[in-house]
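These notes are about the structure you will find just below.
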Amino acid sequence: MMPVATTFFFYFLSIIAVVSAIVVITRKSPVHSALALITTLLSLAGLYLMLYAPFVAAVQIVLYAGGIMVLFLFVIMLVNLEKAQLEERFNKQWQVALIAVLTLGALLIFIFEKGRSVFPQTVTNFPENTNTQVIGLLLYRDYLMPFELASLLLLVAIVGAVVMAKKRV
Amino acid sequence: MVPLSWYLLLSAFLFASGVAGFLIRRNIITIFMSIELMLNGVNLAFIAFATVRHSLNGNVFVFFVMVVAAAEAAVGLAIIIAVYRTRETLNVDRVNLLKL
């Protein structure tokens with residue numbers, strides 16, 4: 001079978017991801033930012049498919065683009081945006097941000113250059129038809145304890161969100 | 001085929017843009033979206049390493065990261081609603097007191 005992970009698709013999806021990530025942090029309206037973030041998340045789902053991880057790609061679309069982003073847009077509807085748009089978009093911390101981003105970028109590029117011989121160069125073929133099955137076995141066998149703890153975390157998050165967002169009685 | 005380092009560079013870019021957005025924006029909702037960008041950059045690195053190393057443990061880790069992101073989004077957005085209800089603003093520079 002021919003690999004679907006061609007270089008063209010990588011370029012296509014990563015350019016979409018990069019451009020929409022920049023749009024997320026620069027647009028004035030949070031609605032535009034949220035729509036750009038959805039685009040980033042969907043292109044990342046495509047990249048996960050290229051990396052032979054169909055389960056994570058599906059969960060990315062369902063959970064992020066479907067669940068979390070709907071929550072974001074719902075909250076944006078609840079608050080009054082017109083007043084927020086009149087205020088300044090950026091604060092005065094851009095020097096700090098520039099230093100942080102440059103340091104981080106330099107560090108990561110340094111690590112890539114150092115680790116070039118350690119990392120395998122190409123992403124090789126990988127069985128994807130049993131992907132979801134193997135992840136399910138891992139979750140319920142090796143990672144059973146973290147799985148149950150995650151369910152507890154979600155319960156706490158549900159209760160906490162309801163308590164914090166409800167009106168004072 | 002695409003080398004691993006390209007995926008890592010893309011994930012580094014997503015993380016760095018998340019950091020930049022977190023530091024420079026004032027709107028609390030956009031700051032929250034920047035956190036999601038950072039989480040997604042890390043997820044991409046996890047998946048790339050998992051595929052290269054032929055191990056599915058990275059996919060399980062990404063699953064847990066997504067669970068934590070969902071919990072964090074629910075609680076954080078509830079906090080945003082509470083903050084907006086008491087202060088009538090979304091500007092983080094104005095939210096500098098724990099108690100009004």
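The sequence lines fix the lettering, A, B, ..., with proteins before strands; numbering per chain opens at 1.
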What part of [X] is in contact with chain A, defined as an atom under 4.5 angstrom from a non-hydrogen atom: side chain, backbone, both or neither?
X: B:L9; value: both
X: B:S34; value: side chain
X: B:V75; value: both

Measuring only between side-chain heavy atoms, which start at C-beta, is [X] closer than 4.5 Å to [Y]?
X: B:V60; Y: A:D142; result: no
X: A:Y48; Y: B:N43; result: yes
X: A:L47; Y: B:L10; result: yes
X: A:V56; Y: B:M66; result: yes
X: B:L14; Y: A:L44; result: yes
X: A:L138; Y: B:F63; result: no
X: B:L23; Y: A:W94; result: no

Could you check whether the rings of A:Y143 and B:F61 sit parallel, tilted or perpendicular, using 30° and 60° as the cut-offs? perpendicular
Report yes or no: do [X] and [Y] belong to one cluster of Ile/Leu/Val/Met/Phe/Trp/Tyr joined by side chain heavy-atom distances under 4.5 Å?
X: A:F55; Y: A:Y140; answer: yes
X: A:I76; Y: B:I35; answer: yes
X: A:V70; Y: B:M33; answer: no
X: A:V23; Y: B:M38; answer: no
X: A:L144; Y: A:L139; answer: yes

B:V67 and side chain to side chain contact (heavy atoms under 4.5 Å, CB included): which single residue from A:L63, A:L154, A:L149, A:V59 fits?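 With B:V67 as partner, A:L63, A:L154, A:L149, A:V59 yield a single side chain to side chain contact (heavy atoms under 4.5 Å, CB included), made by A:L154.
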Nearest-0.5 Å distance that lies between atom [atom1] in [X] and atom [atom2] in [Y]:
X: A:T40; Y: B:N40; atom1: OG1; atom2: CG; answer: 8.0 Å
X: A:I111; Y: B:L8; atom1: CD1; atom2: CG; answer: 10.0 Å
X: B:I31; Y: A:S33; atom1: CD1; atom2: OG; answer: 11.5 Å
X: A:F72; Y: B:L77; atom1: CZ; atom2: CG; answer: 5.0 Å

Part of [X] within contact of chain B (heavy atom distance under 4.5 Å):
X: A:F74; value: neither
X: A:L41; value: side chain
X: A:L71; value: both

A:S151, A:A150, A:P146: which one forms the most heavy-atom pairs within less than 4.5 Å of chain B? A:P146
Selection from A:L108, A:I135, A:V79, A:V75 maximising heavy-atom pairs under 4.5 Å formed with chain B: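 Of the options given, most contacts go to A:V79.
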Of B:L44, B:V62, B:I80, B:V68, the largest count of non-hydrogen pairs under 4.5 angstrom with chain A goes to B:L44
Heavy-atom pairs under 4.5 Å with chain A are the metric here; pick the option from B:I81, B:I79, B:I47 that has the most.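 Most heavy-atom pairs within the cutoff with chain A belong to B:I47.
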Closest contact, heavy atoms only, [X] versus [Y]:
X: B:A20; Y: A:A97; result: O-CB, 4.4 Å
X: B:A73; Y: A:I68; result: CB-CG2, 3.8 Å
X: B:A78; Y: A:M164; result: CB-CB, 4.0 Å

Start with the C-alpha distance between A:I25 and B:L37, add both sets of side-chain angles, then the distance that settles side-chain contact (heavy atoms from CB on, under 4.5 Å), and finish with yes or no. CA-CA 10 Å; A:I25 62 170; B:L37 263 185; 4.3 Å; yes
Under 4.5 Å, heavy atom to heavy atom: which of residues 99-107 of chain A reach chain B? Give them by number, or say none.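 Within residues 99-107 of chain A, the residues that come under 4.5 Å of chain B (heavy atoms only) are A:A100, A:V101, A:L104.
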With a 4.5 Å heavy-atom cut-off (strictly below), which parts of residues 12-22 of chain A touch chain B? List them by number. A:S14, A:A17, A:V18, A:A21, A:I22
Is it true that a side-chain atom of B:T51 and a backbone atom of A:L51 form a donor plus acceptor pair closer than 3.5 Å?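 Yes; judged by distance alone, with no hydrogens or angles, the pair exists.
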